[in-house]
Amino acid sequence: MTPPSFSVYGIATPLLYPGDDIAERLLEAVARSGAGEFKTGDVLAVAESALATAEGRVVNLADIEPSEEALRLARDYRIDARLAEVVLRESDRVVGGIPGFLLCMKNGTLLPNAGIDASNAPAGSVVLLPLDPDASAARIRSAISERTGADLGVIVIDSRTHAMRLGCSGVAIGCSGIPSVIDERGRKDLFGRELQVTKRAVADCIASAAELVMGEADECVPAAVVRGTGLPIGDYTGVATIDASECLFMGVALHADPSFLVDSKREP
């Protein structure tokens, strides 16, 4: 049996601006990519910053008046008070931070600065997360299907750090047309043992693969086509999450020994 494989094609576009039709821009650009066109079964990964820019989710910090809470957070964590104010507005809750970053709960996810990004934003501005990434993914999917007849999946992706690991990798924050997680429980391993807990975060895996060709700097590649995954295409929507109490990292942290958070000299 031939082992499975897939291909990833970056889609380069001109700079995107508020009000742009991102589906139309991607349809124009895919013809110039190695993918050639959108095909049924493809998964399209779209960078959240490009999508949010097209949706007008760009904030000029000069227009922001910090609240007292924002001023306090700015002092405690050494960040711009105007940015702290925007983070407060975008967060469900600020749970702490480190110098330069606030750690926030937003839409059931723990993330730095509520996902707000200053990179790839005009000077003095920041880009917020898309207001509803699942709905955005569904709109892009529908628009491409209507114009090409291709039945594909669409994910909106972001870069995130992970516990005790250096660097970022991709993560899906919006999904339409494919399952974000596939349950492998009940399958057998190489030695015939039944899998008890394994669930594959396929949307996150695709996000990381796409980021290898999209980049993080001035590449101007805000999307990628992932072809050949064999994932089912259908009426799937959303990215599966779990409560903090069910998460290994968060669950332990909720009851952590404070000594884990200091070095051998008993200093933070």
Side-chain angles (χ1 to χ4, degrees), residues 6-35 37-39 41-58 107 109 111 115-117 119-121 127-148 150-160 168-180 201-227 229 231 233 236-239:
F6 63 90
S7 302
V8 185
Y9 307 93
I11 302 179
T13 69
L15 281 176
L16 295 168
Y17 296 95
D20 279 350
D21 182 339
I22 193 165
E24 182 62 34
R25 296 292 175 269
L26 294 176
L27 282 163
E28 294 166 356
V30 71
R32 302 189 296 270
S33 75
E37 61 182 344
F38 292 117
K39 297 181 179 181
D42 285 349
V43 179
L44 171 64
V46 182
E48 54 80 22
S49 56
L51 173 62
T53 297
E55 293 181 344
R57 298 277 288 163
V58 181
N107 298 331
T109 302
L111 69 166
I116 294 165
D117 201 349
S119 60
N120 294 314
V127 181
L128 314 182
L129 288 179
L131 192 60
D132 187 338
D134 291 332
S136 297
R139 283 195 297 271
I140 294 170
R141 180 182 179 226
S142 176
I144 291 175
S145 177
E146 288 175 2
R147 299 179 208 186
T148 68
D151 190 10
L152 72 166
V154 177
I155 59 173
V156 179
I157 71 173
D158 196 2
S159 295
R160 299 279 167 82
C168 300
S169 59
V171 62
I173 65 169
C175 186
S176 177
I178 61 167
S180 64
V202 292
D204 289 344
C205 292
I206 292 171
S208 287
E211 287 210 341
L212 290 174
V213 300
M214 291 166 64
E216 295 280 355
D218 62 354
E219 294 86 356
C220 226
V221 181
V225 172
V226 182
R227 180 168 292 161
T229 64
L231 289 172
I233 304 294
Y236 303 99
T237 186
V239 177

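- Shown here are the side-chain hydrogen bond (donor to acceptor under 3.5 Å, both in side chains) partners of Glu24, two or more places apart in sequence or in another chain: Arg147.
- Residues Ile155 and Val226 have side chains not in contact (no heavy-atom distance under 4.5 Å, counting atoms from C-beta outward).
- Residues Val171 and Ser159 have side chains not in contact (no heavy-atom distance under 4.5 Å, counting atoms from C-beta outward).
- Taking CG of Asp158 as the start and CG of Asp117 as the end, the distance is 7.5 Å to the nearest 0.5 Å.
- Arg227 places a side-chain N or O within 3.5 Å of a backbone atom of Ala35 that can act as its donor or acceptor partner.
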- Going through the checks in order, is the side-chain contact (heavy atoms from CB on, under 4.5 Å) test met by Ile11 and Phe38? CA-CA 11 Å; Ile11 302 179; Phe38 292 117; 4.1 Å; yes

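- Taken from CD1 in Ile157 to CD in Glu211, the straight-line distance is 4.5 Å, to the nearest 0.5 Å.
- Remark: the backbone N or O of Ile22 is not paired with any side-chain donor or acceptor of Asp20 at under 3.5 angstrom.
- For Arg139, the salt bridge (Lys or Arg N to Asp or Glu O under 4.0 Å) test picks out Glu55, with sequence neighbours left out.
- Under the salt bridge (Lys or Arg N to Asp or Glu O under 4.0 Å) criterion, Asp134 pairs with no residue, sequence neighbours left out.
- Between Glu37 atom CD and Asp42 atom CG the span is 8.5 Å, to the nearest 0.5 Å.
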- Evaluation steps, side-chain contact (heavy atoms from CB on, under 4.5 Å), between Thr13 and Leu26: CA-CA 7 Å; Thr13 69; Leu26 294 176; 4.2 Å; yes

- Task: Evaluate the criterion side-chain contact (heavy atoms from CB on, under 4.5 Å) for residue pair Leu51 and Ile140; output intermediate values, then yes/no.
- Result: CA-CA 10 Å; Leu51 173 62; Ile140 294 170; 4.1 Å; yes

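- Of all the heavy atoms in Ala150 and Lys39, the pair that sits closest is CB-C, 3.8 Å.
- Across every non-hydrogen atom of Met214 and Val221, the tightest pair is CB-O, 3.3 Å.
- The shortest distance between side-chain heavy atoms of Val202 and Thr229 does not fall below 4.5 Å.
- In terms of heavy atoms, Val239 sits closest to Cys175 at CG2-CB, 3.9 Å.
- Closest heavy-atom contact between Val156 and Ala137: CG2-CB, 4.1 Å.
- The two residues Pro14 and Cys220 have their closest heavy-atom pair at C-SG, 4.1 Å.
- Checking side-chain atoms of Ser142 against main-chain N and O of Ala138 turns up no donor-acceptor pair under 3.5 Å.
- Paired with Leu152 under the rule side-chain contact (heavy atoms from CB on, under 4.5 Å), one option of Ile144, Val225, Val43 passes, and it is Ile144.
- Residues Arg32 and Ala12 share a closest heavy-atom pair of NH2-O, 3.8 Å.
- A 4.5 Å side-chain heavy-atom check between Val8 and Leu212 finds every atom pair outside the cut-off.
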- Message: Using side-chain contact (heavy atoms from CB on, under 4.5 Å), reason through Val30 and Leu44 one step at a time and then give a plain yes or no.
- Response: CA-CA 11 Å; Val30 71; Leu44 171 64; over 6 Å; no

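- One finds the OG atom of Ser176 at 9.5 Å from the CD1 atom of Ile233 (value rounded to the nearest 0.5 Å).
- Remark: side-chain polar atoms of Arg57 are not paired, donor with acceptor, to backbone N or O of Pro130 under 3.5 angstrom.
- Ile178 has its side chain out of reach of Arg141: every pair of non-hydrogen atoms, C-beta onward, lies at least 4.5 Å apart.
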